[in-house]
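Structure first, commentary second.
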Amino acid sequence: MVKFLPLKKAVAENLHDGDTVAFEGFTHLIPTAAAHEAIRQSIRELTLIRMTPDLIYDQMIGMGMAKKIVFSYLGNPGVGLLRRVRDAIENGFPRPIEVEEHSHAGMANAYEAGAAGLPCAVFRGYRGAGLATVNPNIKSVSCPFTGEVLAAVPAIRPDVTFIHAQKADRKGNVLVEGIIGIQKEAVLAAKRAVVTVEEVVDNFNDLHPNLTVLPNWTIAAISVVPGGSHPSYTHGYYDRDNSAYLEWDEIAADRDRFQAWMQKNVIESSADDFAARVEHLRKAA
Amino acid sequence: MVKFLPLKKAVAENLHDGDTVAFEGFTHLIPTAAAHEAIRQSIRELTLIRMTPDLIYDQMIGMGMAKKIVFSYLGNPGVGLLRRVRDAIENGFPRPIEVEEHSHAGMANAYEAGAAGLPCAVFRGYRGAGLATVNPNIKSVSCPFTGEVLAAVPAIRPDVTFIHAQKADRKGNVLVEGIIGIQKEAVLAAKRAVVTVEEVVDNFNDLHPNLTVLPNWTIAAISVVPGGSHPSYTHGYYDRDNSAYLEWDEIAADRDRFQAWMQKNVIESSADDFAARVEHLRKAA
Amino acid sequence: MSENDLGFTPSEMMTIAASRALKNDDVCFVGIGAPSAACNVARLTHAPDITLIYESGTIGTAPDVLPLSIGDGELCETAVTTVAVPEMFRYWLQGGRITIGFLGAAQLDKFGNINTTIIGDYAHPKTRLPGGGGAPEIATSSREVYITMAQSKRGMVEKIDFFTSFGHGEGGDHRKRLGIDTAGPTLLITDLAVWKPDPVTKEFTVVSLHPGVTREKVQATCGWEAIFAEALDETPAPTELELKTLRDLQARTKTAHASAAKGKAAQ
Amino acid sequence: MSENDLGFTPSEMMTIAASRALKNDDVCFVGIGAPSAACNVARLTHAPDITLIYESGTIGTAPDVLPLSIGDGELCETAVTTVAVPEMFRYWLQGGRITIGFLGAAQLDKFGNINTTIIGDYAHPKTRLPGGGGAPEIATSSREVYITMAQSKRGMVEKIDFFTSFGHGEGGDHRKRLGIDTAGPTLLITDLAVWKPDPVTKEFTVVSLHPGVTREKVQATCGWEAIFAEALDETPAPTELELKTLRDLQARTKTAHASAAKGKAAQ
């Protein structure tokens, strides 16, 4: 059953060296605060899973925390490349990293299969695509009715998934809204799920019945971290900090500047610092 | 692109003798008015698909319109058996009918595969179940990663799907809410979809972004039929007419009484009669 | 069924005994035909946080009255969330999240195999029953299965006509041999007794008789030769709270479901 | 890129030529890196009802400014509906509902095969690019694929380093031989020209030169030997309305996306 915990404790209880972990969020609702806490706790030898690794995986990989990355789009959205990840893949700095690369369709189907308790996902994909030749986790099955050959990928089953969401109620049910991405599947596919939220409200009685609500028994821990998705955004709370994404491109381009930035903004900061970072991005009421 | 049509015309344009058709609705939002219009138009040789055939398929089969039924639960919900369907299966009256029977999981996955453009659905199902031995459309595939044997069923791809929904906007986008069942999948799996709605509103601007909205280009025709799901219910509009379900058990028990009821309440009625049937079931405002 | 001289009916005893088997942290999939009364009595007494899931897509529902169908509006109105049916079967049932699948039965054998499909031959049935609905996968994907039904020789039979849902098959490790890694039927609650499968043979064994019920009565209403546990318990009679909760629930239900008919009559 | 003496830049011509290829009833999947500018200019001019879908799950979106990422908030706020990412790829893309998949490219060959994955060897890349995202399946599940990119010898190459998404492979019926039954790349719009695949060989052929562009300039910025259609058209110059629509859109976009930075600076 879900526990409300300070983020520090939620990360310590649920993320361990060697874990396979997903910090999910599709441009929207990226769990930055949780990732920074993991960095502060120096968790090591992680297998990082995410459809769209962006700044937070650039940071974690730049800090040498990951032995492997599973992904489908390795960019700084709207800006360009991920320079710390590139340095790891191209130069083995600060350490070499194993790569497992899929398409978005492959990852989305693999998360869906994980949530559905299946060993693999079956879909029409990767036809003529180079990934099918370099990724041994892309196989095929034949439809027993038509003979059509379909792609198969293993289900994604993280040890732990971190997401950021709008709100929890006092019972620990969680609401995700707007661009909901792959978050529900990532939570349901994981052995444990940790959610950071903007706020806690008394109840969800007035919610429309078909919204994306994760029942409290599907979640291990909830931490209240206002602004916790910065520089990503939280629909209904604050806008995307586009300038931070542009700035990141320069910070990450240089190993020393990266280290200095991490020291100041992550290592010597805390989850409590996020609220101030989004203050100027909140819409005028 | 969607057309707003009187129900008579929407059915005539989209449902033809010999079609494979789904009238979907999982207890909620059953498209009764559309089914009654199909009965009035004496469409023949239909293959009827539905997870939970209830009164409307009892009626259509009792009228001899179907050559085959594909289903997963053949009951009058909360009451008991479907007596006209039983008469067809057990006694070949008024005509023999072919049966293809699945589990709910099988049907739900098959609709999902239809919506997803796949030839078949793969899931963990039918283990030890008798249906796997009597239904040749239940086969298996092996997971290429674990070797686990999974069930496979062909995707459902109706020629036409009928559903009932709360409302359309003037552009023909359709909102379904509450117990949404399998309706979205049934619409997206079909070549053509016809939707009856309680009302048309100017726009959906104030809707929450994650509700179940079918874009207008996924629908062939919309007909405005207030009360069109009676004796089922429409969340937000009127309650289920439980007494009608109880009454049906008696009507359908007798071939002559059934015919007389159909003559009076379907053949000699029209879509316009539905509004009055739900008047006493509307919640006091 | 009339009240016995103990102040409750066998049916009430069945529902209440079933409700007691449910725990506060259970996630219960209430299949078609199953007595959701038991689940809701549990929720209204000792298991306020129990998660009730109906296959119509309603998760964590808390209806004030019992639904007539598995898709009644109140299930949605009181649910934590309502999802589409394919998601229900893929993420929630197949996903392994259900601790207890709660099934009823038209025919049941001593290994917990259930038939709700046909009486007679499948191709030429004597009686076409509603069929399985969600049951085939509820029986194999839920961590455990509870079954509840009133005893009768017609219902509890040596050999069922059709395997709608698989229990322990021919007993022993039959589930395992089919690649089914869930526990299957672990409890059968009838109007007369509580049964549990033998740990090895998996044959249902009477472990508790309801108050006032004899071995003979159990055997007389069971189509197979009943086995009784050596240490045979007596089921505790319903408490006042349990009985009141069940009866209030049923009274509210009756009132609510009659109102539509009344409205119609008034026209 | 500066304006030519015709009053518009090659980049503007490219965007506007691409916008013209889109029809009012198209359902357009705007992949990562693709110029959603073209799609939105089409929507704001001749194709007001065009359905724009971004892989973040936003269906039928109508943003007032161009998104910086494919998951910007405004895409959701103006969409007909926003669905989960697995549904996007299963029901909407794989479901065969997309008429036009709109892709950009880092490297492109003459058969419309695209590389956005790596420069160099996959195992030991010289440059690790972002990778395919949605492109591998956009390229095979959309009924047609439009490609748009600025011409350069580095971008338009004889042989791409990696098949991120499949175009016409080695040409001819290569798609068909792989069991791909969609049309694939049917249009390439660059800053200099409009290209279409030869009906038989599937090699991209220049069918129209933008105003002021010569064959020589096209060839000088293309890494393969360009083929020109016998009846070579000149692309009509942007109309006043098209230019104004594009420039207004870009001005609104610039203002909107600068505001966050400004807010920060003001702290």
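Basis for what follows: all heavy atoms, side chains included, without hydrogens, waters or symmetry-related copies. Residue numbering restarts at 1 for every chain, and letters A, B, ... go by the order of the sequence lines.
Leu188(A) touches chain C through backbone and side chain together, each having a heavy atom under 4.5 Å away. For a residue to count as touching a neighbouring chain, one of its non-hydrogen atoms must lie under 4.5 Å from one of that chain's; by this rule Glu77(C) does not touch chain A. With a 4.5 Å cut-off on non-hydrogen atoms, Lys184(A) touches chain C through its side chain but not through its backbone. Contacts of Thr51(C) with chain A are made by side-chain atoms alone, with heavy-atom separations under 4.5 Å and no backbone atom involved. Within the 4.5 angstrom heavy-atom criterion, no atom of Thr212(A) approaches chain C. Contacts between Asn173(A) and chain C at a heavy-atom distance below 4.5 Å involve the side chain alone, from C-beta outward.
Of the listed residues Glu185(A), His208(A), Met1(A), the one with more heavy-atom pairs under 4.5 angstrom with chain C than any other is Glu185(A). Across Pro209(A), Ala189(A), Pro215(A), the residue that shares the most heavy-atom pairs under 4.5 angstrom with chain C is Pro209(A).
Side-chain atoms of Thr140(C) and Arg175(C) include no donor-acceptor pair closer than 3.5 Å. A side-chain N or O of Thr61(C) and one of Thr78(C) form a donor-acceptor pair less than 3.5 Å apart. Remark: the Tyr237(A) side chain and the Ser229(A) side chain contain no N/O donor-acceptor pair separated by less than 3.5 Å. A side-chain donor from one of Asp26(C) and Thr99(C) sits under 3.5 Å from a side-chain acceptor of the other. For the residue pair Ser141(C)/Gln94(C), the side-chain donor-acceptor check at 3.5 Å is not satisfied.
No close placement of the His102(A) and Phe71(A) rings is indicated, their centers lying 6.0 Å or farther apart.
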